[in-house]
J.: 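My questions will all concern the structure given below.
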Amino acid sequence: MKPPKFMYCDPDTVEDAVALKARYGHDSVVLAGGQSLMPLLNMRLANPDVVIDINRVTDLQRITRDGEVLQIGAGVRQSVLETEPLVADLVPLLGQVAPYIGHVENRHRGTVGGSLAHADSAAELPCAAVTLDATMVVQGPAGTRTIAAGDFFQGLMTSALDPDELVIAVRLPVTTRTAGTAFVEVARREGDFALAAAAAVVELAADGRFASLSVGVAGIAATPVRATAVEQALTGQPATAATIAAAAKEIAGQVTSADDMHATSAYRKHLAVTVVKRALGAAVATAQERSDGS
Amino acid sequence: MTTSEHSTDLDTRYGSDTRTVTLRVNGRGVTREVATRTTLADFLRDDLDLVSVHLGCEHGVCGCCTVLLDGGSVRSCLMLAVQAGGQEVETVESLSPDQDRLHPIQQAFAEEQGLQCGFCTPAMALRAREILADGKEWTDEEVRQEISGILCRCTGYQNIINAVQNAGRKLRGGPGAARDETKGS
């Protein structure tokens, strides 16, 4: 249970990190927060020639507002999402999601970019990224490019990132003041990965109908998914418990996870409907509070 | 410069099997040569003899290797020792420099029988110190959640929760209060 031998590199600029990634490609791994990679190294399930530690790249640790976009550097620790006022103010869903990422001991080290690049379909941040229509900013030898969250997550632990590229930031549209947001997760134990989880962002019209809504679900397929059928069924409909409960059933059709040691597929379908229903109910409640308070 | 020359330059600039690391551990400056693949947990145990850092699972599940890094709890088996360079690490030894005088948190664990085998206790005591640092009062349910990253296979947790609450009362003042004499300076 000790890491294998590897060449350790700790560049202090993005350019040097990318140059190392370009040189070593599949023979190298990027060490960000280490909360998923270090277990793999300790158990020797990963045996890379080169470990590229990006913790000294201070350029990756910034949170900035750029007009109607909040840009979070890949190296920002997950625990910062819980405490940073800029995040709570501009993209409140992130602060609601963060406490469910592992345990606090993991969030003190784990990074935003690390979780996104790891692309675990049961993880919270990829789910939030899909829900919020986030954009990944990635850098390779040829420069930077952006990838929409919906295109970034491609399969089980698989992203659109090329072997010579690094996630350097995630860009999130600033959430409307009147929108309601919520996150609901069911896991076996505190800190475990989700059996199923749902994030919701809703905007209500003056007459109480859904003006727009966005629902993302984790843990039910190879990637985090948008509950498009649920979104379409509810747009323009009254935001009542009955309409939400009826529409939430649509998510069951998107559950593709097979039976595993954690849950049967049938139970996941049941949970998916439940978390979507609860997340939408909670998001509607916060939207109503916010519009009453304004 | 060609790409391969530049890359070779990168290897010599960054790539290495050993490093000199300088950090503060329990208030003392420490400089050591370490293999870059050495975890912080192994460095603390093997190089500094701080064997209160308990290795249960070595892959980030049990939480018994928890230490405070610049005041925040981390799993020391999921970090390399070189990554702690320039930072402050606290193990449970930092609570009471004098073996005959218990820290209020240690006293509370003893009074409430907040330990049985003791394997998780250093981690639990450090986590208690972290959550009690700003004097906040917690509900039992909140404490249960806050310590959920550390597994205890003996106590069923209730006595640990009682110990954290008892320690909180001691540290905040009131009847039987004691000061956290090791905190700050």
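Chain identifiers are assigned alphabetically (A, B, ...) following the order of the sequence lines, protein sequences preceding nucleic acid strands; residue numbering begins at 1 within each chain. Hydrogens, waters and symmetry mates play no part in the numbers below; they use all other heavy atoms, side chains included.
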J.: Can you find a heavy atom in the side chain of I150(B) that is under 4.5 Å from one in the side chain of E105(A)?
T.: yes

J.: Taking side chain as everything from C-beta outward and backbone as N, CA, C, O, which of these in P99(A) sits under 4.5 Å from a heavy atom of chain B? Side chain, backbone, both or neither.
T.: neither

J.: With a 4.5 angstrom heavy-atom cut-off, could you sort out which part of M43(A) is near chain B: side chain, backbone, both or neither?
T.: side chain

J.: Quick one: of P3(A), S79(A), P141(A), who has the most non-hydrogen atom pairs under 4.5 Å with chain B?
T.: P3(A)

J.: Verify the neighbour count for atom CD of Q116(B): are there more than 12 heavy atoms of other residues, nucleotides or ligands below 6.0 Å?
T.: yes

J.: Spell out, as yes or no, whether a donor-acceptor pair under 3.5 Å connects the side chain of N42(A) to the backbone of H59(B).
T.: no

J.: Within the 4.5 Å heavy-atom criterion, are L55(B) and M1(A) side-chain neighbours or not?
T.: no

J.: Flag the one option from P11(A), A22(A), G191(A) with the top tally of heavy-atom pairs under 4.5 Å to chain B.
T.: P11(A)

J.: Find the distance between CG (L40(B)) and CE (M38(A)) and round it off to the nearest 0.5 Å.
T.: 9.5 Å

J.: Taking atom CZ as the centre, does R77(A) end up with more than 12 heavy-atom neighbours from other residues, nucleotides or ligands that are less than 6.0 angstrom away?
T.: yes

J.: Tell me, side chain or backbone of R107(A) under 4.5 Å from chain B's heavy atoms, or both, or neither?
T.: neither

J.: Tell me, side chain or backbone of S148(B) under 4.5 Å from chain A's heavy atoms, or both, or neither?
T.: both

J.: Could you grab the distance from atom CG of D53(A) to atom OG1 of T36(B), nearest 0.5 Å is fine?
T.: 10.5 Å

J.: State, to 0.1 Å, how close V74(B) and R109(A) come at their nearest heavy-atom pair, and which atoms those are.
T.: CG1-CG, 3.7 Å

J.: Mind checking the CD-NE2 spacing from Q145(B) to H103(A)? Nearest 0.5 Å is all I need.
T.: 10.0 Å

J.: To check you understand the geometry: which heavy-atom pair defines the closest contact between K2(A) and E58(B), and what is its length?
T.: NZ-OE1, 2.7 Å

J.: By a 4.5 Å heavy-atom criterion (distance strictly below it), what part of R144(B) contacts chain A: side chain, backbone, both, or neither?
T.: neither

J.: Mind ranking V61(B), T38(B), V82(B), L69(B) by heavy-atom pairs under 4.5 Å with chain A and telling me who comes out on top?
T.: V82(B)

J.: Do the side chains of H108(A) and R75(B) get nearer than 4.5 Å, heavy atoms only?
T.: no

J.: Do K5(A) and R37(B) touch side chain to side chain, with heavy atoms closer than 4.5 Å?
T.: yes

J.: Heavy-atom cut-off 4.5 Å, strictly under: side chain, backbone, both or neither for L37(A) against chain B?
T.: neither

